[in-house]
Amino acid sequence: MDVAHCYLEGNADAVEFCPHDSYHHVLAASTYTLQEGDQPSRSGSVSLFNVDAEFGRLELGHRVDTAGIFDIKWSPAGSTAVPSLAQADADGYLRLYGLESGSSGAEALGGSLMEINAEKISSSMCLFLDWNPSATCISVGLSDGSISIISLRESQLDICQEWKAHEFELWSTSFDIHQPQLVYTGSDDCKFSCWDLRDSPSKLAFQNSKVHKMGVCCIAKSPSDPNLVLTGSYDEHLRLWDVRSIIKPVNETSICLGGGVWRIKHHPSVPGLVLAACMHNGFAVVKTKGEEPEVIETYSKHESLAYGADWQRGDLCRKGQNNGGSVVATCSFYDRLLRIWTTESNLVA
């Protein structure tokens, strides 16, 4: 069920609900807009919204103009005293913002972002980022196929490792939340890899180059099953991997979602439920538990590339207008559209 929508000032590519207690109503949305011409530029922004699905509320509280953004991620819940938002941008920077409580007006509802630090990672573009569970490291995927591991101590960012992981754009990097010494990577070279950070330079634990028929866009370790990793690809398939043998993971099963699988997000409280952004085919809610994955709901109210998607956390995620459906934020690129909607209530029953 539709709750609210608005248009951003640039091409919308990522949405992230804050996972920290007391801030579950805060939604960050980012943009990336290429200005073509003799001197092309890539501009972007991060906007903070206050979301209350029960009352159909989507209120802009704060916006930061910046370089074109490819990815944003909040620090993991409970890892930092103040929520932090990390940004990977087209200028090759990793930027870190702190969420500050606003004193008045719209900012009091959603807070505001204050830049804490910024580190020039590379002359290449920063395409993706992921926090480790303790928020002491951030992995960054680069457009030249490299990965950087950035240490974070007292808000200081330092590059502690960097290596050429893939031949082409590294679209996804993901820490193993159960074994954070491992980091997974996926690239336009169709390879799905895993690296062991205990060695320096990091040791390749495995690399699969045969299963994905096109580039690997996203990787997500299951929070409820330590043996399950999901990958999404331009080849339109969501794949489930058994990683019990980390040197030789097994692609157990897959499902075609009808569009390139750009983002996948595990439900914050329902094991085996995944939200997928499927580029040319809207958004899908997929049940991954059981013998075969199954699409149980789709959402097609966007008119452009489906890029950003996230679940709202905590009690708020079930306070939608349809008696218990989970609250979802999605965004699409060229039409600059941000939508808040709720799933059907029986999805989380």
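Throughout, residue positions are numbered sequentially from 1 according to the sequence presented. All values derive from a computational prediction rather than experimental measurement.
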Review point. What about Phe49 and Phe17, same hydrophobic cluster or not, with Ile/Leu/Val/Met/Phe/Trp/Tyr joined at side-chain heavy-atom distances under 4.5 Å?
Key: yes
Check your understanding: Heavy-atom distance under 4.5 Å between the side chains of Ile121 and Ile159, does that happen here?
Key -> yes
Review point. Should Asp188 and Lys191 count as an ion pair when the cut-off is N to O under 4.0 Å?
Key: no
Exercise for review: Test Glu252 against Arg239 for salt bridge (charged side-chain N to carboxylate O under 4.0 Å, His left out), laying out the working first.
Suggested key: CA-CA 8 Å; Glu252 289 194 314; Arg239 291 180 171 86; over 6 Å; no
Study note, to complete from the structure: Residue set satisfying salt bridge (charged side-chain N to carboxylate O under 4.0 Å, His left out) with Arg198, at least two apart, ordered chain then number -> Asp196
Point to revise | Any donor-acceptor N or O pair under 3.5 Å, side chains Thr33, Ser43 | key: no
Check your understanding: With under 30° as parallel and over 60° as perpendicular, where do the rings of Phe283 and Tyr299 fit, or are they tilted in between?
Key -> tilted
Exercise for review: Compare all side-chain heavy atoms of Leu170 with those of Ile147 and state whether any distance is below 4.5 angstrom.
Suggested key: yes
**Study point:** salt bridge (charged side-chain N to carboxylate O under 4.0 Å, His left out) evaluation trace for Arg95 with Glu115
**Key:** CA-CA 7 Å; Arg95 297 185 185 275; Glu115 185 171 306; 3.5 Å; yes
Check your understanding: If two hydrophobic side chains count as joined below 4.5 Å and joins carry through other members, does Val3 share a cluster with Leu60?
Key -> yes
Review point. After noting the C-alpha distance and the side-chain angles of Arg57 and Asp52, does the key distance pass the salt bridge (charged side-chain N to carboxylate O under 4.0 Å, His left out) rule?
Key: CA-CA 5 Å; Arg57 185 177 296 143; Asp52 189 333; 3.7 Å; yes
Check your understanding: Does a side chain donor of either Ser332 or Asp335 reach within less than 3.5 Å of an acceptor in the other side chain?
Key -> yes
Revision key, fill the gap. Joining Ile, Leu, Val, Met, Phe, Trp and Tyr whenever any side-chain heavy atoms lie under 4.5 Å apart, the cluster holding Leu337 also takes in Tyr7
Exercise for review: With Lys73 as the cation and Phe128 as the aromatic partner, state whether NZ or CZ is under 6.0 Å from the six-membered ring centre and within 45° of the axis.
Suggested key: yes
Exercise for review: Could you check if a side-chain atom of Phe192 sits within less than 4.5 angstrom of a side-chain atom of Phe206, using non-hydrogen atoms only?
Suggested key: yes
Check your understanding: Is any side-chain heavy atom of Lys164 less than 4.5 Å from a side-chain heavy atom of Asp144?
Key -> yes
Point to revise | Reference residue Ser148; test side chain to side chain donor-acceptor pair (under 3.5 Å); the match among Glu119, Glu162, Gln161 | key: Glu162
Check your understanding: Going by atom types alone, do Gln87 and Thr66 pair a side-chain donor with an acceptor below 3.5 Å?
Key -> yes
Review point. Does the pair Trp74 and Ser84 meet the rule for a side chain to side chain donor-acceptor pair (under 3.5 Å), with working shown?
Key: CA-CA 6 Å; Trp74 293 101; Ser84 298; over 6 Å; no
Point to revise | Cluster companions of Phe70 among Ile, Leu, Val, Met, Phe, Trp, Tyr (side-chain spacing under 4.5 Å) | key: Tyr32, Leu34, Met125, Leu127, Trp171, Met214, Tyr234, Trp262, Met279, Leu305, Tyr307, Phe333, Tyr334
Practice item. Using only heavy-atom distances, determine whether the side chains of Thr231 and Trp241 contain a donor-acceptor pair under 3.5 Å. Key: yes
Review point. Is the backbone of Ala309 close enough, under 3.5 Å, to the side chain of Lys265 for a donor and an acceptor to pair up by distance?
Key: yes
